[in-house]
Amino acid sequence: MTNQFSTLAARIIETAPEAILVVGPDGGILSANAHASEIFGYSADEFAGMSIENLMPERYRYGHVALRTGFTDQPAPRMMGNNRELRGLRKNGSEFPVEVGLGTMPVGEGQCVVVSIADASERRRLQQAMLHRNEQLSELLAVRTTELQDKNRALQARTEELAAALRRLSEAERRKVEQERRRLSQELHDDIGQMLAALCLNLEMVRRKCTAPEARIPLNNALQIADSIMQGVRDIVHQLRPPQLDDLGLAAALRWHLERVRQTSFLAPTLSEDLGAIRLPPEIELACFRIVQESVTNVLRHASATRVDVEVRLGPELIELSIADDGIGFDTVASLRPPARSDRLGLLGMQERVCGLGGSFEVVSTPGKGCRVSARIPIASHAQEP
């Protein structure tokens, strides 16, 4: 049975796919299979009696004797080389990486060490090729990332340029509209208003001099019509450009506008302000007036509100506006998207006006719980008292 086992073991060692060496307690090689001869270049006769240390570079030999002795004292199957580089030495003096496995085999009253050795050259080559490829991919990724970051920065810069150009265009368009409003207001006041006033005076003179009873009724009607037309022209003039805004400032213009709303609607507006006689830069006064005007108009048209409260607070660096109503409210997210309906242009117009002055704009509303429009606009220069 022992002979059969020895013969079977020899056949297994000879047909193993890696190099197999049987090493005695003194480190001498007792046998080697054909694959060991193929890897190291020694014949079976040359292996016989050779020290296992002869199959490794000289720089490792001294340390390996101690390792071999330690394994003999505490034998246990193990793999070597997982955490450190192991090198083999061929007969022609060339080195190559190896992976080593150790086991024990009883021989007579003692035991030998069975050493399995695999040439790791191809695997290491593949590893190095993979590492090199990974490095190339990492470098390529870094280059592409940098390119994309540069393109993204350029796109951001271009987007900011376009946004700034759009703000300038919007502001220029608003200035043109305000200039046209002022021109129309002045023409209506100076030309048509004066002609209507002259017409009323002439009609009054004719009525006083005319004694025919049948002429007094149409003259009275003509005077009433002329007065109504004159009042309508005044209303249009104030809507286009309230004279109070240019002559007396923001607080006076807001008081006049809200009083007109009180007189012509069921809405009860209130104004709380701390401006006093302080005058702000004209573009800021105009923006604040238009925001309040547009907000109150929206309340009248859409909110079904009974009350609207306007607050104006002046700080050292900015002016704050708040217009709050007790109406039906609405979905603010949908209202501030690019408009599909003309009644949403007012909110977007206010937002653009405020942002064009470097400020912030907010609309807070919940269906059924009213709405609050808030704006914070930085003051371009120090407020001056007249």
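Throughout, numbering of the chain's residues begins at 1 and tracks the sequence.
By the side chain to side chain contact (heavy atoms under 4.5 Å, CB included) test, Glu122 pairs with Arg125, Leu126, sequence neighbours left out.
You'll find the side chain of Phe289 reaches within 4.5 Å of the side chain of Leu254, heavy atoms only. Under the 4.5 Å side-chain criterion, counting only non-hydrogen atoms from C-beta, Leu89 is in contact with Arg61. Put simply, the side chain of Ile291 reaches to within 4.5 Å of the side chain of Ile377, judged on heavy atoms. A 4.5 Å side-chain heavy-atom check between Thr297 and Val261 finds every atom pair outside the cut-off. For the pair Val98 and Arg124, the minimum side-chain heavy-atom distance is 4.5 Å or more. Contact check for Thr270 versus Ser272: no side-chain heavy atoms found under the 4.5 Å cut-off. In this structure, Val363 and Cys371 have side chains that are in contact, with non-hydrogen atoms separated by less than 4.5 Å. Contact check for Phe40 versus Lys91: no side-chain heavy atoms found under the 4.5 Å cut-off.
No more than 12 heavy atoms of other residues, nucleotides or ligands shown are found within 6.0 angstrom of CZ on Arg376. Within a 6.0 Å sphere centred on CZ of Arg301, heavy atoms belonging to other residues, nucleotides or ligands number 12 at most.
The closest side-chain donor-acceptor pair between Gln136 and His132 falls under 3.5 angstrom. Between the side chains of Ser43 and Asp45, not a single donor N or O lies within less than 3.5 Å of an accepting N or O. When only modelled atom types and interatomic distance are considered, Gln156 and Arg153 share no side-chain donor-acceptor pair under 3.5 Å.
Put simply, the side chain of Asn33 gets close to the backbone of Ile20: a donor and an acceptor are under 3.5 Å apart. Under a 3.5 Å cut-off, the side chain of Glu311 and the backbone N or O of Ser322 do not form any donor-acceptor pair. Without hydrogens or angle criteria, Arg307 side chain to Ala268 main chain gives no donor-acceptor distance under 3.5 Å. Under a 3.5 Å cut-off, the side chain of Arg87 and the backbone N or O of Pro57 do not form any donor-acceptor pair. One N or O on the side chain of Ser37 and one on the backbone of Tyr42 form a donor-acceptor pair closer than 3.5 Å. Side chain of Ser365 to backbone of Phe330: a donor-acceptor contact under 3.5 angstrom is found.
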From CA spacing to verdict: salt bridge (Lys or Arg N to Asp or Glu O under 4.0 Å), Glu285, Arg290: CA-CA 9 Å; Glu285 286 192 335; Arg290 292 301 185 204; over 6 Å; no
For side chain to side chain contact (heavy atoms under 4.5 Å, CB included), just list the numbers for Leu300 and Leu267, CA-CA rounded to whole Å, side-chain angles, deciding distance to a tenth of an Å, and then say yes or no. CA-CA 7 Å; Leu300 288 169; Leu267 195 61; 3.7 Å; yes
When you look at Thr104 and Val114, which way does the side chain to side chain contact (heavy atoms under 4.5 Å, CB included) test go after all the steps? CA-CA 6 Å; Thr104 59; Val114 178; over 6 Å; no
When you look at Met350 and Leu321, which way does the side chain to side chain contact (heavy atoms under 4.5 Å, CB included) test go after all the steps? CA-CA 12 Å; Met350 287 187 279; Leu321 303 177; over 6 Å; no
Please assess Phe47 against Leu30 for the test side chain to side chain contact (heavy atoms under 4.5 Å, CB included), listing each intermediate value before the final yes or no. CA-CA 8 Å; Phe47 272 124; Leu30 301 178; over 6 Å; no
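With rounding to the nearest 0.5 angstrom, the CG atom of Leu286 is 9.5 Å from the CG atom of Leu250. One finds the CG atom of Asp325 at 14.5 Å from the NZ atom of Lys369 (value rounded to the nearest 0.5 Å). Of the inter-residue distances, the one linking Leu102 atom CG with Leu67 atom CG reads 10.0 Å to the nearest 0.5 angstrom. Separating the NE2 atom in His64 from the CG atom in Leu86 is a distance of 8.5 Å, to the nearest 0.5 Å. With values rounded to the nearest 0.5 angstrom, Leu347 atom CG is found 8.5 Å from Gln351 atom CD. Atom-to-atom distance recorded for Glu160:CD and Leu155:CG is 10.0 Å, nearest 0.5 angstrom.
Salt bridge Asp119/Arg90: present, at least one basic N to carboxylate O contact under 4.0 Å. Classification of Arg313 and Glu320 as a salt-bridged pair fails, no side-chain N sitting under 4.0 Å from a carboxylate O. Here Glu294 does not pair with Arg353 in a salt bridge; the nearest charged N to carboxylate O distance is not below 4.0 Å. Ion pairing between Arg372 and Glu362 fails under the 4.0 Å rule for side-chain N and carboxylate O.
Criterion: ILVMFWY side-chain heavy atoms under 4.5 Å apart, direct or through other members. Under it, Val100 and Tyr60 are not part of a common hydrophobic cluster. In this structure, Ile52 is a member of the same hydrophobic cluster as Ile39, with clusters built from ILVMFWY side-chain heavy atoms closer than 4.5 Å. Cluster membership check: Leu348 does not share its hydrophobic cluster with Val364, using side-chain heavy-atom separations under 4.5 Å among Ile, Leu, Val, Met, Phe, Trp and Tyr. Placement of Met50 and Phe96 within a single hydrophobic cluster is found when ILVMFWY residues are connected by side-chain heavy-atom separations under 4.5 Å, directly or transitively. Hydrophobic clustering of Ile, Leu, Val, Met, Phe, Trp and Tyr side chains at less than 4.5 Å, counting indirect connections, unites Phe361 with Ile379.
When each of Val310, Leu314, Val312 is tested with Glu273 by the rule side chain to side chain contact (heavy atoms under 4.5 Å, CB included), just one qualifies, namely Val312.
Here the closest non-hydrogen pair linking Ala287 and Leu357 is CB-CD1, 3.5 Å. Of all the heavy atoms in Leu271 and Ala251, the pair that sits closest is CD2-O, 4.3 Å.
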